[in-house]
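Following: one structure in structure tokens, then a few remarks.
Every chain is numbered from 1 and lettered A, B, ... according to where its sequence line falls, protein lines coming before strand lines.
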Amino acid sequence: MTREPLVRVRDLQVEFQLARGVVRAVDGVSFDVEPGEALGLVGESGSGKTVTLRALVGLLPRGAKLVGGTIEVDGVDVTAASDDTQRELRGTTVSMIFQEPMTALNPVMRVGDQIAEEPLVRLGMSRSAAKARALELMALVGIPDPKRRADAYPHELSGGLRQRIMIAIALSGDPKLVLCDEPTTALDVTIQDQILKLLRQLQRELDVSLVFVSHDLAVIAQTCRRLAVMYAGQVVETGPVAEVFREPRHPYTLGLLRAVPDFEIVRDKLASIPGAPPDLASPPPGCRFHPRCPFVQDDCIANAVPLIEVGDHRAARCLHHERVVEDVRREPVIAGG
Amino acid sequence: MTLGQYVGRRLLQMIPVVFGVTVLVFFMIHLVPGDPARTVLGIQATPARVALVRHSWGLDKPLYVQYWKFMGRIAHGNLGDSLFYGVSAGHLVLERLPVTLWLIVLSTILAVAISVPLAAIAAVKADRPTDHVIRAVPLVGLGFPPFFLGIVLLLLFGLHFGRPFPVGGYGNGFFGHLRSMFLPALTVALVLTPILIRSLRASLLEVLESEYVTTARSKGLSEKRVLRKHALRNAVISMVSVLGVNIGFLVGGTLVIEQVFALPGIGQLMINSIFQRDFPVVQAVTLVFAIMVVLVYLFTDIAHALLDPRVRFD
Amino acid sequence: MSAISGTQAELLVHDSVVEHRRGFRHRWYRTPSFVAGLTILGIVVLAALAAPLITQHGPNDQDLLHTLQGSSSSHWLGTDDLGRDVWSRLVYGARADLHIAFLAVVLPFIIGTLVGLLAGYYGGLTDTFASFFVNIVVAFPFYVLVIALVFALGSGSRNIYIAITIVGWVSYTRIIRGEVLVAKRKDYMLAAKSGGLSDFRILFRHLLPNVITQSVIYACSDIVLDILAIVTLGYLGLGVQPPTPDWGNMIASGQTYLTTHWQLATFPGIAVVFTALGLALLADGLADLLRPE
């Protein structure tokens, strides 16, 4: 059973107009999101993952411009669509969960009203129906005593509760796709775990697609089945999470995996990737990762490297991905792999 | 805490400040080099007369006793007697207060009416040409001495262009007052506008670029609704704070403008009393001005607390 | 993380300050507002300094046979009601007003910055104490207090300095205190403290250089405020006393002739606006330049 992909991103390019010049934060990113699947977007800050996410919902920050590529959501080409068409999709087809719930919730509006807003305005429900729906959603996301909590203001609630409110808002329009911008980064570890479990549960029960952005591999592993690794504005590896973790095909992915503290493997020291991400105003020639790559060869610097298919539903932007495989065989990343 | 508790707390916090204000006002007389009694009476005064006045003013007693008596008198509403007119200073102030209050209220209304729309347009169209034009206004405007602006307006609208407004005085009746007050109030408002536009634009931009506005947009709400339901209330809250802070400046501006337009308010009273060396009146007016400003700050805080649910929480 | 040594701490902080200055030197001539402001201000200051050279008459030379005249080759901007050369009075007025304004900003700058530094750094009682005084001064409308003080002290430039100092230090304190509160949490501050540097050293060699830029930027707007205050005092007859020309008292005496010779009151006013514009542009330019990238 193959369904049409819900989201089709082809060759996306986003530029920022900065004082020191034009920066291409996203340079030729392509991926698909199937209905009901959870895709992870992994990368450091500056990799372009957040900008990509924002582009999907048409809410690029001030100073950013989409300069190339197409994004198709639920059959609609949003890059060519009018503002009104794009707006139609927001909330009811695509919604977003933000990183910092304290700043992402309106501080002077009661949380119940914020959740009820979409049912009221976009779904045409009556005030009482919308209020009831809000309470339903609050219960769904695991908020105890919804009736009392609905009258609270954001600052009166804990971080975990606020994030649940955000999730409730994101679900209030019955979307098919929920974009998650590092929703657990600002939370305590224990709350993080709860929220992630909640997201996973909701994703399966409601059959929504997720695009989950994070810099934390462990979080991605917990929530997504497929992932795309981003570096310097490009996708450098894609594939099912379990397979990529067991056998990465890009040196950057390998580096990320080795940098994760893992209690299942005893290691002498925590490896970190030497160097720093490139300045996107003037990226390095050829492969963008080559200055930091332990396997670099001459042909890596010569020409830009395309995404190469390396297996079933797997791709990597590396000319020497077998070297990565060799390295992993010698020193496995995951125990028992 | 409840609103009542909040107001109570603010009032308590005000007390030391009001206290300090009275000390400062009191000591102003003692800043005058030489003997205040002699200065007032002039050089021809006989030593006996000077001593008499000094005694009647209590200047021969230690400072803290004087201050205590000063505070005692104030508590009874006695601000001293005018040396020039012979009536109580408080009476003089009360007589002229309505004019100044008119000016303050009208100026505030005009200031808000001019700067809020301009700041809103500048913020919504940030970085585009309209924004830059509007932002140029404060650059020129901040350098305009208030009284000079008054003179220019007087020239243009009082003496030319059909003379729609009178050149000075208070006028008769409600509409007479309004007509006479318009140019002076406009002057004060225009003096404040540059500062207001700057601050309001900045806080509006902050609201417009905030995460919760992005959340609201991600709900697919119309831009109108986003602005109305989400941006507006938060923007008004910061606007109230900005206005409050600047009212102090506005109140002070009325003083000079009253001179320019010959308005019989407490500002003009103060200037005249200065030239007449009428110490008690100068003291009284200064005190009244300070009290007015403190009250405005208090009202601003209360308004802020009413609008912003976060305030009562701390 | 082990505590770093004192020298390491110093180096860390030194770098952050040096970053600032380096950027300034390279960019100042490319910032339009700064250049424009400097130019305008330069013109005014030069004119004031070169007063004897660019005027044909003294500012107080009366010529009662040629009062209230229009512009001529001998009197570029005409004469006033006592036959004095308006251009000359304008230029010498610049001398008086600018001279007082530039000096008047110094003490409030120093006092206000110091108080703000200490109040922000030590917090607690020091802060409460300082804030108390700040609130008292702020309770008075600016002009009211200045005028009242000038009244109490008497007119004359020395008393204007005193009055402006008493009223003006407050703004610096508020700004610097705010900056210090933010800076206290920054890494270089933690580094300095854990490096065991003395309070004095931290305050003056590390904290001050980083927060003082805000004071400097504000000082430019403050000079504008002071010019306005001095000119206003002059207008009210409480500032620079006639016959010494000052833009304020020139406007006051010119106001009587508004209907017939409006230029007597307007030229000095335009001079004020022009000078203030230059300072405002300078302040904007400085703010742009000194902002950390």
Side-chain angles (χ1 to χ4, degrees), chain A residues 17 53-54 56-63 83-111 113-123 151-156 162 165-166 169-173 175 178-179 181 186, chain B residues 1-3 6 122-132 135 201-241 302-314:
Chain A
Q17 190 67 247
L53 203 70
R54 290 285 186 105
L56 287 178
V57 76
L59 288 177
L60 289 172
R62 188 169 150 208
D83 283 340
D84 277 335
T85 318
Q86 284 188 37
R87 198 172 51 76
E88 265 303 304
L89 289 174
R90 285 182 216 138
T92 50
T93 308
V94 188
S95 68
M96 194 153 165
I97 299 173
F98 298 87
Q99 181 175 335
E100 188 29 287
M102 190 60 237
T103 49
L105 293 173
N106 189 337
V108 302
M109 204 167 156
R110 297 185 205 271
V111 295
D113 292 332
Q114 296 193 46
I115 303 175
E117 191 169 19
E118 268 187 86
L120 185 70
V121 177
R122 305 286 322 278
L123 302 178
D151 282 338
Y153 288 99
H155 66 271
E156 293 170 341
R162 288 200 288 258
I165 301 280
M166 273 247 69
I169 292 178
L171 296 173
S172 63
V178 178
L179 307 173
D181 188 0
Chain B
M1 68 180 100
T2 66
L3 185 65
Y6 180 77
V124 169
K125 295 204 192 282
D127 295 336
R128 268 127 76 180
T130 327
D131 179 29
H132 284 121
R135 283 170 74 188
R201 176 187 172 278
S203 20
L204 277 174
L205 265 181
E206 213 187 294
V207 167
L208 286 173
E209 286 171 4
S210 63
E211 280 255 297
Y212 55 84
V213 166
T214 313
T215 305
R217 292 204 178 110
S218 78
K219 291 183 184 177
L221 303 169
S222 69
E223 194 63 13
K224 245 193 355 196
R225 183 172 169 109
V226 170
L227 289 174
R228 190 172 50 90
K229 220 49 215 343
H230 294 269
L232 191 66
R233 181 139 175 223
N234 285 282
V236 167
I237 290 175
S238 41
M239 265 204 295
V240 167
S241 303
I302 295 178
H304 190 110
L306 281 172
L307 289 170
D308 189 349
R310 286 170 291 185
V311 172
R312 263 165 277 171
F313 194 73
D314 61 44

Examine whether an atom of A:Glu88 lies under 4.5 Å from a heavy atom of chain B, and if so say whether it belongs to the side chain, the backbone or both; otherwise answer neither. neither
How far apart are the C-alpha atoms of A:Glu117 and A:Arg122, what are their side-chain angles, what is the distance that settles it, and do they pass the side chain to side chain contact (heavy atoms under 4.5 Å, CB included) test? CA-CA 8 Å; A:Glu117 191 169 19; A:Arg122 305 286 322 278; over 6 Å; no
Quick check against the 3.5 Å criterion: does A:Gln86 have a side-chain atom that pairs as donor or acceptor with the backbone of A:Asp83? no
Chi angles and distances behind the side chain to side chain contact (heavy atoms under 4.5 Å, CB included) call for A:Leu59, A:Arg90: CA-CA 10 Å; A:Leu59 288 177; A:Arg90 285 182 216 138; 4.0 Å; yes
Side chain, backbone, both or neither: which part of A:Val108 has a non-hydrogen atom closer than 4.5 Å to chain B? both
Contacting region of A:Leu89 [heavy-atom separation from chain B under 4.5 Å]: neither
Give a yes or no on whether a salt bridge exists between B:Arg201 and B:Asp131, defined as a side-chain N under 4.0 angstrom from a carboxylate O. yes
Residue selection (most heavy-atom pairs with chain B, distance under 4.5 Å) from A:Val57, A:Leu105, A:Val94: A:Leu105
Residues from residues 208-217 of chain B approaching chain A under 4.5 Å (heavy atoms): B:Glu209, B:Glu211, B:Tyr212, B:Thr214, B:Thr215, B:Arg217
I'd like to know whether A:Met109 forms a side chain to side chain contact (heavy atoms under 4.5 Å, CB included) with B:Arg233, so could you lay out the CA-CA distance, the side-chain angles of the two residues, the decisive distance to 0.1 Å, and finally the verdict. CA-CA 9 Å; A:Met109 204 167 156; B:Arg233 181 139 175 223; over 6 Å; no
With rounding to the nearest 0.5 angstrom, report the OG1 to CG distance, A:Thr92 to A:Leu123. 7.5 Å
For atom CD of B:Glu223, is the number of surrounding heavy atoms from other residues, nucleotides or ligands below 6.0 Å larger than 12? yes
Taken in chain and number order and not counting sequence neighbours, the residues that satisfy side chain to side chain donor-acceptor pair (under 3.5 Å) with A:Ser172 are A:Glu118
